[in-house]
Amino acid sequence: MPHYKLTYFNLRGRAEIIRYLFAFSGIKYEDHRIEQADWPKIKPTIPFGKIPILEVDGATLHQSLAIARYLAKETGLAGQTPLEQALVDAIVDTTDDFVSMFPWGEKNQDVKQQIFNDLLTNTAPGLLRDLESFLGDKKWLVGKTVTWADFYWDVCSTTLLFLKPDLTDNYPKLLALKERVQALPAITAWIQQRPKTTL
Ligand SMILES: CCC(=O)N1CCc2c(cnn2-c2cccc(F)c2)C1
């Protein structure tokens, strides 16, 4: 088994999907969390200057979704066929497109809040309507077993619900999917043991 070292901030953020995959698969890894104050010193040492990164024995992987897709493929959570894998990727990318619209690093709090509110009020409903319709009466978003698309929905919607607690009030199927993911024993255990952070 390779030695895995995940490096990110002490946030769920873009690393939590990777942590879910490690938790669900039971693979041991180093969950290295850096202080924001240390980032300017560390950033120049990181290929492409962004985190999370995952060091796998001597190799360094970057881009959170590439890392997650690698782990999902290794652990059977990427989709059972090439077609399912494409559907999984499309749902992940659709979800990530939305969460990536948020100006997470904006220093002007008034500007940040205005954009966050606009996205949550005016853009989120269309995405949630489409995801609710895509899920329909299925147990999981793609195929007959859980995939990292389901995990990603839970990871991202957990942060979105912190920002807008009534976010899923009109989307019961999506709320039920969150509950189904969080009821997976390994995910339940991870959520209970992980550091408590707002984002
Ligand atoms: C200053 C950086 C910061 O506050 N965060 C980084 C990005 C982020 C946070 C919470 N969720 N999230 C995220 C998750 C997945 C996709 C994505 F685009 C964004 C918090």
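Both counts, for ligands and for their atoms, begin at 1 and track the order of listing.
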Participant: May I ask you to check if K164 and F162 form a cation-pi contact, with NZ or CZ under 6.0 angstrom from the six-membered ring centre and within 45° of the axis?
Facilitator: no

Participant: Are any side-chain N or O atoms of R12 and backbone N or O atoms of V155, one a donor and one an acceptor, separated by less than 3.5 Å?
Facilitator: no

Participant: Under the 3.5 angstrom rule, does the side chain of K112 hit a backbone N or O of W104 as a donor-acceptor pair?
Facilitator: yes

Participant: Going by the order shown, which atoms of ligand 1 are within less than 4.0 Å of some heavy atom of D96?
Facilitator: 16 (C)

Participant: Considering non-hydrogen atoms of the protein only, which is the closest contact for atom 18 (F) of ligand 1, and what is the distance?
Facilitator: R14 NH2, 2.7 Å

Participant: Donor-acceptor pair, distance only, cut-off 3.5 Å: does the side chain of T75 make one with the backbone of L71?
Facilitator: yes

Participant: If you have a sec, work out which protein heavy atom is nearest atom 4 (O) of ligand 1 and how many Å separate them, to one decimal?
Facilitator: L199 CD1, 3.8 Å

Participant: Which residue owns the protein heavy atom closest to atom 13 (C) of ligand 1, what's the atom, and how far is it?
Facilitator: V99 CG1, 3.8 Å

Participant: Identify, by atom number and element, the atoms of ligand 1 in contact range of S100, meaning under 4.0 Å from any of its heavy atoms.
Facilitator: 18 (F)

Participant: Residue-level breakdown please: for Y8 versus ligand 1, do any non-hydrogen atoms fall below 4.0 Å on the side chain, on the backbone, on both, or on neither?
Facilitator: side chain

Participant: Would you give me the side-chain donor-acceptor pairs under 3.5 Å for residues 17-33, sequence neighbours excluded?
Facilitator:
residue : atom : partner : partner atom : Å
R19     : NE   : D31     : OD1          : 3.0
R19     : NE   : D31     : OD2          : 3.4
R19     : NH1  : L11     : O            : 2.8
R19     : NH1  : E16     : OE1          : 2.9
R19     : NH2  : L11     : O            : 3.3
Y20     : OH   : D154    : OD2          : 2.6
S25     : OG   : L21     : O            : 2.7
S25     : OG   : F22     : O            : 3.2
D31     : OD2  : R33     : NE           : 3.0
D31     : OD2  : R33     : NH2          : 2.9
R33     : NH1  : N10     : OD1          : 2.9

Participant: Among all the protein's non-hydrogen atoms, which is closest to atom 12 (N) of ligand 1, and how far away is it?
Facilitator: G13 CA, 3.7 Å

Participant: Which donor-acceptor pairs under 3.5 Å do the side chains of residues 49-62 make with protein atoms, sequence neighbours left out?
Facilitator:
residue : atom : partner : partner atom : Å
D57     : OD1  : H3      : N            : 2.8

Participant: Report, in ascending order of atom number, the atoms of ligand 1 lying under 4.0 Å from any heavy atom of Y152.
Facilitator: 15 (C), 16 (C)

Participant: Give me the nearest non-hydrogen protein atom to atom 3 (C) of ligand 1 as residue plus atom name, then the distance to 0.1 Å.
Facilitator: W104 CB, 3.8 Å

Participant: Any side-chain donor-acceptor pair under 3.5 Å between Q114 and D118?
Facilitator: no

